[in-house]
Structure formats: structure tokens, C-alpha cells
Amino acid sequence: MKILAVLVLCALASVPAQDMASGNRRAQPRRPLPAGKVPPVLDFRDVAAASAVKAVNISANPRKKNYIIEVTGNGVAMVDIDQDGLLDLVFLNAGEFDDYPKPRAQNVYRNLGGMRFEDITSKSGIPPLEWAQGVCAGDFDDDGRTDLLITQWGHNTLLRNTGGAFTDESGSRLPQSKEKRWSTGCAFVDYDRDGDLDLVVANYVRFDPKNTAKPGDKKQCEWKSMPVVCGPRPLPAESMSLFRNDRGKFVDVSEASGIAGSKDYYGFTVLTGDFDNDGWTDIYVACDSTPSLIFRNLGNGKFEELGVASGAALNEDGREQAGMGAAAGDYNNDGRLDIFKTNFTDDTVSLYRNTGNFTFTEATVQAGLAIHTKFLGWGAAFLDMDHDGWRDILYVNGHVYPEVDSAGIGESYRQSRVFFWNLANGQFHDLSSQAGSGIAIDKHASRGLAVGDLDNDGSLEIVAVNMHEGPSILKNQAKPMGSSVLVEALTASGRAALGARISLTPAGGGKTQIDEVRSGGFHISQGDFRAHFGTGTATEATLEITWPDGTKQDLGTVQTNRWITVRQGERTVRSQPFRR
């Protein structure tokens with residue numbers, strides 16, 4: 001593996017930097033649907049305004065961008081703040097360069113049920129922040145209430161949930177670097193399996209506007225002959241961070257664990273998962289214009305970075321890409337977590353099929369996903385939209401340069417979304433045009449994305465952050481085509497069992513599906529902790545959970561169309577029907 005990595009890196013050295021950033025891949029022709037395949041009926045519509053979720057995203061000047069930090073956008077979190085069984089929403093804001101460092105409010109909405117929300121920003125306890133970026137969730141003090149980390153350009157903010165509101169406890173619990181760092185994605189994770197939640201944080205660029213060229217100042221600050229924001233090249237790249245939880249306080253173990261050993265990477269989205277099925281959570285980081293990173297958990301408090309050697313760092317041509325968002329899911333139901341990644345325009349998305357033994361094969365073309373090169377992708381998700389037991393793919397898009405609208409190059413700043421339907425044969429089919437106006441017609445400069453069941457009806461909603469306008473909440477208005485199950489896995493203390501592996505097999509010969517309880521992912525955002533499974537026409541399914549400490553629990557048969565709650569160590573499961 002090490003010899004292979006050296007050979008690939010040597011090949012990369014001869015590739016022009018501008019080509020590597022884009023991936024330089026041409027679009028493949030769209031394949032027709034196989035004979036006899038009937039597409040599902042989907043009708044996703046944006047219900048944000050009707051749900052009273054209207055806060056406008058603030059991320060510098062909407063018409064003119066001078067620095068790269070103005071274009072990367074913000075994350076969103078779906079989290080049950082008040083423990084009423086409904087997912088609330090936290091939308092992040094950056095700010096304006098003209099009045100920086102003026103703190104900005106982070107918009108918080110309480111879920112009232114029935115897809116109605118109340119603005120509780122002023123009562124949330126989340127302080128105004130100077131330049132927020134990403135968000136992830138986890139109960140770091142093990143009190144049964146979900147806490148948040150908000151990453152920033154500056155210093156990250158750790159928010160402890162005190163029961164329906166938050167307090168900022170960054171100063172007393174989270175190490176702060178002396179210098180300003182630009183952090184992006186994050187995830188809570190019990191990497192050492194000691195029962196409490198640690199933190200992994202991606203860092204992007206060492207950014208200082210005083211030392212950063214403006215559009216057109218340098219050759220690297222041009223794109224297709226247009227003067228544009230400069231970066232990430234030639235700006236100084238970063239390393240990643242890991243903080244170990246020591247009785248509710250975090251200790252920086254970035255160097256000791258090996259996480260910081262990978263220098264000079266532009267880290268974006270943090271994605272966790274047990275990619276080699278050894279019971280220890282690994283860490284993937286989607287990187288922009290450098291090879292993506294994947295850290296194998298060695299089980300002794302240390303990690304080994306194997307991105308290039310594993311096959312999950314580059315495209316199949318051996319080129320690095322401008323990665324943005326990332327998602328993990330077992331799209332072919334073979335019992336291994338695969339990885340999906342979005343990239344810059346003039347490139348396709350990336351699908352890495354997990355072939356076992358910590359190796360991946362890039363399957364983008366084979367899977368029929370390499371058909372779009374005009375989208376600039378951000379938030380990404382595996383999700384079963386039609387409840388047939390096979391995970392589909394959704395991603396949101398938006399350009400980084402507002403100037404493209406008037407450049408006459410056939411590209412637009414606001415872009416539609418993309419939905420790929422899983423054909424259950426290792427391939428996908430683009431059904432974006434048939435998935436409803438929220439996907440096919442509506443256009444936005446979207447960034448952060450989160451997926452979860454906002455109204456507990458068994459179907460997933462999609463929430464996207466749109467730069468310089470209100471967010472989108474996409475709800476499927478079509479009648480559900482099949483049954484489903486939501487599984488909430490809790491530790492003995494009652495917190496979300498991050499890292500738990502959930503296996504569900506629909507009755508009647510259905511394929512076994514897997515998922516994990518996960519913090520972070522998508523694009524610097526946080527989704528529903530509950531695992532969602534489509535079960536087709538099955539009325540029953542068998543359920544098994546491998547807990548973060550490695551113990552397995554066979555829960556036997558459960559009914560479908562239910563929200564199932566399982567607490568580690570208890571044989572009895574809580575089951576409640578969906579609200580339909």
C-alpha cells in the first residue's frame with residue numbers, strides 16, 4: 001500500500017494544479033432506465049415559508065466576494081434541544097466584512113409539530129458569533145441532553161445544553177489556540193471507546209485578509225479569465241484536530257493521536273464511520289484541492305492516515321479534487337459503508353465503493369453518477385426516499401462566484417438540486433426532473449444540508465442553507481410508497497449512542513441494511529441521530545445493534561412503520577407509530 005501511495009503521489013506532482021482542482025472529468029451520457037423499472041412518485045416541495053422558517057443567511061456581500069471565506073457558506077443542525085421528541089433547527093450565519101468583527105445571531109427554531117416552527121433565537125442561549133461555519137452535535141457531558149460545537153473562523157464555541165437552552169462553556173472546557181484558525185466540519189465521536197464523546201475538527205485555510213490577494217491581483221485569483229476570490233491555492237493549508245474528552249473537559253491530542261500528522265490539507269466535511277468493520281470508528285475528511293483524508297482507527301488511541309493507499313482520496317484517474325460535502329451509506333447492501341463526495345464544477349461527484357480491508361474502488365462512472373459537470377456540489381446525503389430498502393443519493397449545489405451570472409459561460413450562481421434513484425443493481429438513475437419542484441425547479445446557492453424526520457411521520461425531510469436568502473425545507477408531498485422504521489439507539493445513560501452500528505432486515509427476504517449513529521457529515525452540518533430504513537412492503541423486520549463498546553444486542557422482530565427506541569442493556573424496546 002505504501003509503495004502504491006508513493007507512485008500515485010509522484011504522478012500527481014506532474015499534473016498542473018489548475019487541472020487537479022477540478023478533477024478534469026468529462027460528463028458521461030445518461031443511461032436509460034432498465035426495462036421494467038418503474039420510477040417512484042416523488043414530489044418534494046419547499047415548505048420553509050409555510051413552516052415560518054424564514055431567517056435570511058448572512059455571508060458577506062451577496063453580489064461581490066473579495067475573499068474565499070465569504071463563499072464557503074454555513075451549516076445547519078437538526079437537534080432536539082428541549083427533549084420533546086421533535087427535531088429543532090439551528091441555522092448558522094457568518095457576517096459582513098465591512099463591519100467585522102460584529103457578532104451575528106445564529107437563528108434557532110423550535111419545532112412545534114405538524115411542520116410548524118417558532119423562532120426562539122433570543123431564548124436559545126446561543127450567543128452572537130463573529131464568523132460561524134459548521135456545527136455538530138453530541139452529549140459530551142453525558143447528562144442526556146444534546147450539546148453543540150460551532151466551528152468558526154477564529155475560535156470554536158462549545159455549547160452545553162442546560163435543558164431547552166444552551167450556555168457557552170468554551171473557555172472552561174475546550175482548548176483554544178493562540179492564533180485564529182478557520183475550522184469547518186466537525187463531529188463528536190467516541191474514538192477510544194471509553195464511554196464519553198471526543199471531538200474531531202477539520203481546519204481549512206490559514207486565512208488572514210491582510211495577507212490575502214483580492215480578485216484579479218494574481219494569476220491564481222482568476223477563473224475562466226474572470227477575476228475571482230483567491231484560494232484555496234495559494235493560501236497556506238491546514239491540519240486536522242482531535243480533542244479527547246477527559247471528564248467533560250477536552251484535551252488536545254491532535255499530535256499524539258496522529259490526526260495532525262497530515263499537514264497542508266484544505267479540510268472541509270468530517271465524516272465518521274467504521275469503514276473496516278472492526279468495531280472502531282474511523283474518520284474521513286473531504287478536502288478541497290488536496291487529496292481527501294481517511295484516518296484508520298488503530299484501537300490504541302492512534303490513527304493511521306490511509307487516504308491515497310485506501311483508494312478514497314483521489315478520483316480514478318489519480319487526480320485530487322475540490323471536495324466539499326460527504327456522506328456514508330451502504331448503497332449496495334453488502335454490509336460495508338461506502339462514501340459519496342461532492343466536488344467543484346467541471347468535475348463529477350465521487351462514489352467510493354467499500355471493497356473491504358480498508359480499501360475503496362471509485363465507482364462513479366460504473367454507478368451512472370458521472371453525468372453532471374456543471375453543478376458545484378455541497379451538502380450530500382444517502383437516504384431512502386422511496387422506502388424500497390436501497391439508499392438513494394441527494395446533493396445540493398451552488399456556485400462560489402456570483403460573477404458567473406454575467407460572464408456568458410453558461411453557468412449560474414444559483415443551481416438546482418440533484419437526486420439519484422438507487423436501481424438496486426449497483427447503479428443509480430437521475431430522477432431530479434421527476435422529484436418535485438424543490439429539487440427540479442427551485443434554484444439557490446445552497447451550502448449546508450441536513451436530513452431527518454421533522455414531523456415523525458416516517459419520511460425524511462431535507463433542510464438546506466441557501467446563501468443570502470431563507471433556507472429550504474423540502475417535504476415529500478406524494479403518498480409514501482412503502483413502510484419504514486426509525487431506530488433511536490441510546491446509551492445506558494440516555495444519550496445518542498454515537499458510533500453504534502444498526503442492522504435491520506425486512507421480513508420476507510429483504511436485504512439486510514446497515515447504518516450508524518453519526519455526528520456531523522453532509523457539509524459541515526448535523527442531521528437526525530435516528531437511523532432511517534425503508535422496508536418496502538414488509539410489516540416486520542429483525543433488528544440488531546452493535547454498541548460503541550463492541551457488544552452486540554439482538555432485538556428480535558420489530559414492527560415497521562414505527563419509531564423504535566432502544567437503550568443499551570435493556571431488552572424492552574419502546575415503539576410508537578408514525579404520525580401520519
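- Ring centers of F428 and Y331: under 6.0 Å apart, within the cut-off.
- A salt bridge between D276 and R336 is absent, with no side-chain N of the basic residue lying under 4.0 Å from a carboxylate O of the acidic one.
- By the ring pair (Phe, Tyr, Trp, His ring centres under 6.0 Å) test, H399 pairs with W223, Y401, sequence neighbours left out.
- In this structure, Y284 and I294 approach most closely via the heavy-atom pair CD1-CB, 3.8 Å.
- Comment: E488 does not engage R530 in a salt bridge, judged by the lack of any side-chain N to carboxylate O separation of less than 4.0 angstrom.
- Using a cut-off of 4.0 Å between Lys/Arg side-chain N and Asp/Glu carboxylate O, D142 and R495 are scored as salt-bridged.
- Relative ring orientation between W182 and F207 is described as perpendicular, the plane-to-plane angle rising above 60° on a 0-90° scale split at 30° and 60°.
- The two residues A260 and S239 have their closest heavy-atom pair at O-CB, 4.0 Å.
- Salt bridge annotation for R296-E304: absent, with no cationic side-chain nitrogen under 4.0 angstrom from a carboxylate oxygen.
- Taking the charged nitrogens against the carboxylate oxygens, E70 and R447 have no contact shorter than 4.0 Å, which rules out a salt bridge.
- The residues D317 and R319 are annotated as not salt-bridged, no charged nitrogen and carboxylate oxygen being separated by less than 4.0 angstrom.
- No close placement of the Y352 and F340 rings is indicated, their centers lying 6.0 Å or farther apart.
- Taking K552 as the reference, E544, T546 meet the side-chain contact (heavy atoms from CB on, under 4.5 Å) condition, with sequence neighbours excluded.
- Note: F420 and H372 have tilted aromatic rings, judged against thresholds of 30 and 60 degrees for the angle between ring planes.
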